[in-house]
Amino acid sequence: MTINQQQIDFDAEHIWHPYTNLSQPTPTFSVESAEGVYLHLTNGQKVIDGMSSWWSTIHGYNHPKLNEAIIQQVSKMSHVMFGGLTHEPAISLCQKLVDITHPNLDKVFLADSGSISVEVALKMALQYWYSNTKLSEQKRKQKTKFLTIKNGYHGDTFAAMSVCDPVNGMHSMFEGVLQKHLFVEAPSCRNDADWQASDIEEFKNCIDENVDQIAAVILEPIVQGAGGMRIYCPEFLRQVRKLCDQHGVLLIFDEIATGFGRTGKLFAYEHAGVCPDILCVGKALTGGTMSLAATLCTETISSTISSFEGGNLMHGPTFMGNPLACAVANASLELLQNSNWQSQVNSIESQLENELAECAQLESVADVRVIGAIGVIELKQAVDMHVIQPRLVELGVWIRPFGKLLYIMPPYIINPAELTKLTDAMKTITLEAC
Ligand code: PMP
């Protein structure tokens, strides 16, 4: 049924959209359907989605194989509790996740969203130390802090918020109630060629000084997403891994945005050739069809937690391992593995580099950066979403800037002409901002 004006008015009046002000909402556009890289708006317009619905729809919309997986599964069972019960879609999915991630990561917890997978990762790290009888009881209970770098983003739930950038991380109003963790500057070098020993100094000092309290380091490897769309060099991750090993601190990688090929490797940690102790994945896991995430960890972590007292990992959401979500995630991973995603992402990367480079010279631009299927123009001034969002739609694209960042991460199936339409729109906005 087509949406009517009354419903649109109801939406504006009653429904909170992500990060919006209900009194002065930024414009919302109604979507009728979506196909390939296109969103079909109710007003008849067709826009190219440069956001992959926030990193998730890597194969494009309305994919017949993903639809079929959902239809097949819905006719068997949409949901069944995961406590005491199991099913084939969840088992197949966890097998695939174990197969495609680093060999050390072989235990899987299925979560219902990215933020929850981060909560579970933090909980695993805390429970690991709480259960670690190699340490004295006093020492075990002291290891409750997380160390991270500024400009990070890990989700909107409370523990996840506490490891997001404390200043630009959108959550500063909750400062008083959030746990206090340890933050150091994010690395400024983008390539290993520019690496200097000083790039790890603050991190090294912080871990040295606080090792007795630190349960884990948590990072988005290679690309920091919503906290600034920053790209940093693999050497930083290698140094972090080394320091975590030397100090006996766990390492958590949040690959919720970067996982499943987005940066040109299946997982961004592959750029550095290091393995975390705990890994979070989500977003593109179901090809952008349903909410599902997962937290993987090593045998050392699971066996330590499991051998202490009750041994239970204390988490278990109602919709854990939802069969529909698992079935479509299986189909999405199969699609990915049988596709030429690597060359698709490489071509997107070269095209973004070629087409966005000229923007770096413009007066309004602070920086242009590209990695894999991610292209970012950082402006000198924040954009006015009330003006920019309708303008982008008028240009035939769906791009959702935040602050000073105009960025895209399109579906991997986008063709060169469609990608040019996105980069042209970015250039137009950038020129208009001059
Ligand atoms: N971590 C990262 C790196 C993310 O980009 C996001 C989502 N933007 C999250 C965690 C939270 O995921 P979700 O929105 O599914 O809760």
Side-chain angles (χ1 to χ4, degrees), residues 55-59 63 65-102 104-125 127-128 154-157 159-160 252-257 259-260 267 276-299 301-303 305-306 310-337:
W55 312 81
S56 64
T57 48
I58 53 176
H59 311 295
H63 196 290
K65 290 230 160 74
L66 302 186
N67 291 355
E68 185 53 29
I70 296 173
I71 293 163
Q72 287 288 326
Q73 185 56 42
V74 84
S75 61
K76 293 186 201 153
M77 60 182 171
S78 303
H79 185 61
V80 59
M81 65 186 277
F82 212 47
L85 299 174
T86 194
H87 45 81
E88 197 280 331
I91 299 169
S92 287
L93 176 60
C94 294
Q95 273 175 338
K96 284 194 185 71
L97 288 174
V98 167
D99 287 349
I100 63 174
T101 54
H102 192 282
N104 292 1
L105 298 166
D106 70 347
K107 309 291 180 205
V108 190
F109 186 100
L110 294 170
D112 29 17
S113 71
S115 299
I116 299 302
S117 75
V118 170
E119 297 285 324
V120 171
L122 300 176
K123 213 179 242 189
M124 273 178 185
Q127 238 187 288
Y128 169 80
H154 298 285
D156 291 343
T157 50
I252 303 170
F253 282 165
D254 173 350
E255 292 242 16
I256 291 162
F260 308 110
F267 295 99
D277 302 292
I278 302 176
L279 173 71
C280 299
V281 295
K283 287 188 185 281
L285 176 59
T286 62
T289 54
M290 298 183 71
S291 182
L292 185 69
T295 312
L296 287 92
C297 74
T298 61
E299 163 74 29
I301 293 181
S302 69
S303 61
I305 292 175
S306 304
N312 300 334
L313 178 65
M314 292 312 293
H315 211 94
T318 306
F319 287 96
M320 184 168 179
N322 173 258
L324 272 183
C326 291
V328 72
N330 277 314
S332 178
L333 290 180
E334 275 159 30
L335 262 183
L336 189 67
Q337 282 175 311

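Computed from heavy atoms alone, side chains included, the values below leave out hydrogens, waters and symmetry copies. What you see is a predicted model, and the numbers here were worked out from it, not measured in a lab.
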Solution key, residues 288-296 side-chain donor-acceptor pairs under 3.5 Å, sequence neighbours excluded:
unit_1 : atom_1 : unit_2 : atom_2 : d
Thr289 : OG1    : Thr286 : O      : 2.7
Ser291 : OG     : Asp112 : O      : 2.4
Thr295 : OG1    : Ser117 : O      : 2.9

Could I get the full list of side chain to side chain donor-acceptor pair (under 3.5 Å) partners for Gln127, not counting sequence neighbours?
none
Got a sec, which residues hit side-chain contact (heavy atoms from CB on, under 4.5 Å) with Ala257, two or more places apart in sequence or on another chain?
Trp55, Lys283
Identify, with sequence neighbours excluded, every residue that meets ring pair (Phe, Tyr, Trp, His ring centres under 6.0 Å) alongside Phe267.
Phe260, Tyr269
In this structure, OH of Tyr128 is separated from CG of Asp277 (nearest 0.5 Å) by 8.0 Å
Gap between atom CG of Leu105 and atom CZ of Phe253 - 0.5 Å precision
10.0 Å
Could you walk me through whether Leu122 and Val118 satisfy the side chain to side chain contact (heavy atoms under 4.5 Å, CB included) test, starting with their C-alpha distance in whole Å, then the side-chain angles of each, then the deciding distance to 0.1 Å, before giving a yes or no?
CA-CA 6 Å; Leu122 300 176; Val118 170; 4.1 Å; yes
Would you please test Leu279 and His102 for side chain to side chain contact (heavy atoms under 4.5 Å, CB included) and show each step?
CA-CA 10 Å; Leu279 173 71; His102 192 282; over 6 Å; no
Taking C-beta and beyond as the side chain, do Gln73 and Ser78 meet within less than 4.5 Å on heavy atoms?
no
Please name the residue in the list Ile256, Leu97, Ile58 that meets the side-chain contact (heavy atoms from CB on, under 4.5 Å) test with Leu285.
Leu97
Would Lys107 and Ile301 count as a side chain to side chain contact (heavy atoms under 4.5 Å, CB included) here? Give the steps.
CA-CA 9 Å; Lys107 309 291 180 205; Ile301 293 181; over 6 Å; no
Only counting residues at least two apart or in another chain, list the ones meeting side chain to side chain donor-acceptor pair (under 3.5 Å) with Ser92.
Glu88
When you check the side-chain N and O atoms of His154 and Ser115, is any donor under 3.5 Å from an acceptor?
no
Going through the distances and angles, do Asp106 and Thr298 end up as a side chain to side chain contact (heavy atoms under 4.5 Å, CB included)?
CA-CA 6 Å; Asp106 70 347; Thr298 61; 5.7 Å; no
Pair listing, salt bridge (charged side-chain N to carboxylate O under 4.0 Å, His left out) test, anchored in residues 325-337, at least two apart
Lys96-Glu334
Can you tell me how far the CD atom of Glu68 sits from the NE2 atom of His63, to the nearest 0.5 Å?
12.0 Å
Tell me whether the count of non-hydrogen atoms from other residues, nucleotides or ligands lying under 6.0 Å of CE in Met77 goes above 12.
yes
